[in-house]
Q: 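Below: one structure in structure tokens.
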There are 2 protein chains.
Amino acid sequence: MAATMKDIAKKTGLGLATISSYLNGGNVREKNRIKIEAAIEELHFEVNEVARGLKTNRTKTIGVILPELNIAFCTQIITEVEDLLRNQGYATIICDCRSNEKREEEAVEFLLHRRVDGLIIMPSGKHGSYLKKFISAGKPVVLIDRELEEIECDCVLVDNESAVKDAVEKLILAGHTRIGIIIGPSDIYTAKRRYTGYCMAMEQAGLAVEERLIVRGDYTIEGGAAAMKKLVNKNPDMTAVFVSNCEMTMGAIIEINELGIKIPEQLSFVGFDNLEFAKANIPKLSIVTQPTKEIAGQVFELLLERLEGTDKQKKSQTVKLKTGFIEGKSVNVSGRKEWSSIY
Amino acid sequence: MAATMKDIAKKTGLGLATISSYLNGGNVREKNRIKIEAAIEELHFEVNEVARGLKTNRTKTIGVILPELNIAFCTQIITEVEDLLRNQGYATIICDCRSNEKREEEAVEFLLHRRVDGLIIMPSGKHGSYLKKFISAGKPVVLIDRELEEIECDCVLVDNESAVKDAVEKLILAGHTRIGIIIGPSDIYTAKRRYTGYCMAMEQAGLAVEERLIVRGDYTIEGGAAAMKKLVNKNPDMTAVFVSNCEMTMGAIIEINELGIKIPEQLSFVGFDNLEFAKANIPKLSIVTQPTKEIAGQVFELLLERLEGTDKQKKSQTVKLKTGFIEGKSVNVSGRKEWSSIY
DNA sequence: TTGAAAGCGCTAACAA
DNA sequence: TTGTTAGCGCTTTCAA
């Protein structure tokens, strides 16, 4: 059985309050400090955070709810947030919901029972009604990568419209006019914004947004491959394509290879957020990148401010970060060449 | 403030023990059950797992210590284990140690304070002395992917020797004799075993294990690229290469592309455990695969048995799983062609 | 600065 | 089956 504060008190002949004070950085007489330290050493005493949590009503634990732990975007952010939090003494309980809304709701419930002090969530569903219980308990919630209409809380996003708009503009500048896009499910926040970005770029360039050039995937590798296939079948005259998420970028490339289409000679390509893969591919892919480390830093800061900051009534904020762009060799700069003419 | 059992007791006029019994699946008179359920509903009561944990001395929480959360092998296992554990009511606290032994030790300490019921760890360091505290507290520890000499606990591994031996044999059967290998750091368990597998295959085929054909990387993408460069520089006559982990496989491919070497015409290639990437590459890569889902299942079962099983004194076991192999197009079947003759 | 004592929300032993 | 009660290990008044 592990030693308790009581044991330390007995050993040193001091009271519990003194031990507690010592453990929490209070003032203790020098000679008592020495006695306490000796006793702690001797008895291998370790604070019981569970008991402390019960008493203080703060578990120093943060719940993290993710759609998929397997998605690089998620792990990159979480690995960083976890590190920052642990440095502050917070543990993170991660729940992977397999992009399933019901599981997400269960996870919230699960974490509520555990009395986590706060929640970081990248929601799968469109409404977040089950988060209300959390918020009304006065516990901070930080949303990553999506906004939720009914929920009033802090939020860290990237500027999805601009990201896609800029990327598509690069294709337009390279002379492309028939630019396909593989976008995500219509009910997902990021997919909507990215789609908007595409439309903005096309319209500003005086190009029509044609239905046939738009195919939806489900943000998975397989979905990206299937969408690419559809896109190619429907558009023999397409000269460029933009893929709007990391997994689908990979899937699209697999399919392009399968079909024997040459990048960039037959098709110019811009992908999303899969840096290592983009570098490893032949040719290197041009991609939009997301500032995962910065996102993590912002999430951490917003959360910590709510957890330990002074101004508890602070209005909730939304932080919007800029994306990056890595130039590869997957965009044909002339771009005038018709795919069908090579085909 | 959240409702407590006391509130339910007051509301229903019942005693605490009755409520507790109800909550823990004990027998309660039908009409009391109804009263309790009504009260729970009305007061939005939720069990406080923290208090329960303090009382029962079981937190229903498992600590997970990983070298890198960003490594696909780790996330694939963890996402699965987390799911299985949560279904049993266990939360998982994940600690990413950035492959740093000191951080790993800190994580053990951190989790000890949190009174986790058990530990799943993929150790970075070679000795695990800091795990002893855990084990002597009577808490189960399950090791993934490595054995630790001084530590007596359950362990789930893959058969690294055979995995590599079989892969290298395929290269030998294809006619290759000068086969390079990129292996991991000499102090890492898996690297040692994989190296042994390479040596076994070569020796059994009557081929000399030449120092110049062996380069060490650090299990990272960059390390894989650097190692590949060295290997090529030192061995203009090498016709095939085996890369012994997932990240280095990617790095090696990046470097091979950089150098303009053609797979499989100039160099046959077998990589490790990066299925999606292997499929996306041109040509598709032949790779050794690891049964991550099975590993996760075994880890879960071993842990649960210790946690809730009857035979507490059960001797610790080591489970060794078989790896797979996916045939790609990256091995030149003739193999007799000398690289230098094309070069 | 220190000690005594109450109590966080729950479980479990015992009694009824 | 149910109620009473002690106590898990800690923090936090309040007094000294």
Side-chain angles (χ1 to χ4, degrees), chain A residues 1-37 39-40 43-61 89 91 112-117 137-139 308, chain B residues 1-37 39-40 43-61 89 91 112-117 137-139 308:
Chain A
M1 207 48 228
T4 71
M5 276 172 54
K6 235 175 177 170
D7 299 323
I8 304 294
K10 211 175 291 168
K11 191 100 199 168
T12 56
L14 296 165
L16 274 177
T18 313
I19 316 295
S20 177
S21 169
Y22 166 81
L23 290 172
N24 293 289
N27 283 327
V28 176
R29 223 187 296 272
E30 179 67 7
K31 74 174 189 202
N32 286 334
R33 211 204 72 222
I34 294 169
K35 268 204 277 186
I36 294 173
E37 283 171 358
I40 287 179
L43 301 175
H44 304 293
F45 169 78
E46 318 243 1
V47 185
N48 184 328
E49 295 287 348
V50 178
R52 186 181 266 178
L54 176 60
K55 182 66 195 180
T56 59
N57 209 18
R58 303 192 55 224
T59 53
K60 284 270 203 173
T61 303
L112 214 45
H113 288 184
R114 300 253 161 195
R115 299 296 195 270
V116 296
D117 295 338
K139 295 186 173 181
E308 312 196 334
Chain B
M1 208 47 229
T4 71
M5 275 173 54
K6 234 175 178 169
D7 299 323
I8 305 292
K10 211 175 290 169
K11 192 102 200 166
T12 56
L14 295 166
L16 273 177
T18 313
I19 316 296
S20 178
S21 169
Y22 166 82
L23 290 172
N24 293 289
N27 283 326
V28 177
R29 222 188 295 274
E30 178 67 8
K31 74 174 193 208
N32 285 334
R33 210 205 72 222
I34 294 169
K35 267 206 278 186
I36 293 173
E37 283 170 358
I40 287 179
L43 301 176
H44 306 292
F45 169 78
E46 319 244 359
V47 186
N48 184 328
E49 294 287 349
V50 178
R52 189 180 264 176
L54 176 60
K55 181 66 194 178
T56 59
N57 209 18
R58 301 191 56 224
T59 52
K60 285 269 203 173
T61 303
L112 213 47
H113 288 186
R114 300 251 161 197
R115 299 296 193 268
V116 295
D117 295 338
K139 296 187 173 179
E308 312 194 337

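So that the names make sense, note that chain A is the first sequence line, chain B the second, and so on, each numbered from 1. Note that this is a predicted model, so its numbers are computed, not measured.
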Q: So what does A/Tyr22 touch, heavy atoms closer than 4.0 Å: a base, only the sugar-phosphate, or nothing?
A: nothing

Q: Ignoring hydrogens and angles, does a donor from either the side chain of A/Lys55 or the base of C/dG7 sit under 3.5 Å from an acceptor on the other?
A: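 Pair found.
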
Q: Starting at CG of B/Asn32 and ending at C1' of D/dT2, how long is that distance when rounded to a whole Å?
A: 8 Å

Q: Between P on C/dG7 and CG on A/Asn57, what's the gap in Å once rounded to a whole number?
A: 16 Å

Q: Using distance alone, with no hydrogens and no angle criterion, decide if B/Glu46 and A/His113 have a side-chain donor and acceptor under 3.5 Å apart.
A: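 On atom types as modelled, these side chains qualify, holding a pair under 3.5 Å.
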
Q: With a 4.0 Å cut-off on heavy atoms, is A/Leu23 in touch with a base, just the backbone sugar-phosphate, or nothing at all?
A: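 No contact.
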
Q: Where the side chain of B/Thr18 is defined as all heavy atoms beyond and including C-beta, which of D/dT11, D/dG3, C/dT1 is the nearest nucleotide?
A: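 Looking only at heavy atoms from C-beta outward on B/Thr18, the closest nucleotide is D/dG3.
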
Q: When the nearest nucleotide of DNA chain D is assigned to B/Thr56 and to B/Leu16 on a heavy-atom basis, which residue is associated with the more 5' position?
A: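 Result of the comparison: B/Leu16.
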
Q: Grab the CZ-P distance between A/Arg58 and D/dG9 for me, whole Å please.
A: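 Roughly 23 Å, once rounded to whole Å.
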
Q: Report the distance from atom CG of A/Leu14 to atom P of C/dA5, rounded to the nearest whole Å.
A: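 One finds 17 Å between P of C/dA5 and CG of A/Leu14, rounded.
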
Q: Is the shortest side-chain heavy-atom distance between A/Leu16 and A/Ser20 below 4.5 Å?
A: no

Q: Measure from the side-chain heavy atoms of B/Ala17 and tell me the nearest of C/dG3, C/dT11, C/dA12.
A: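 So the nucleotide nearest the side chain must be C/dA12.
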
Q: Any non-hydrogen side-chain atom of A/Ile19 less than 4.5 Å from a side-chain atom of A/Ile36?
A: yes

Q: Testing the 3.5 Å rule here: is there a donor-acceptor pair between the side chains of A/Thr59 and A/Arg52?
A: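 Note: A/Thr59 and A/Arg52 side chains miss the donor-acceptor criterion.
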
Q: Is there a residue in residues 46-53 of chain B whose heavy atoms reach under 4.0 Å of DNA chain D, and which residues are they?
A: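 Result for residues 46-53 of chain B: none.
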
Q: Name the nucleic acid region contacted by A/Thr4, choosing base, sugar-phosphate or nothing; use a 4.0 angstrom heavy-atom cut-off, strictly under.
A: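 Sugar-phosphate contact only - A/Thr4 comes under 4.0 Å of backbone atoms but never of a base.
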
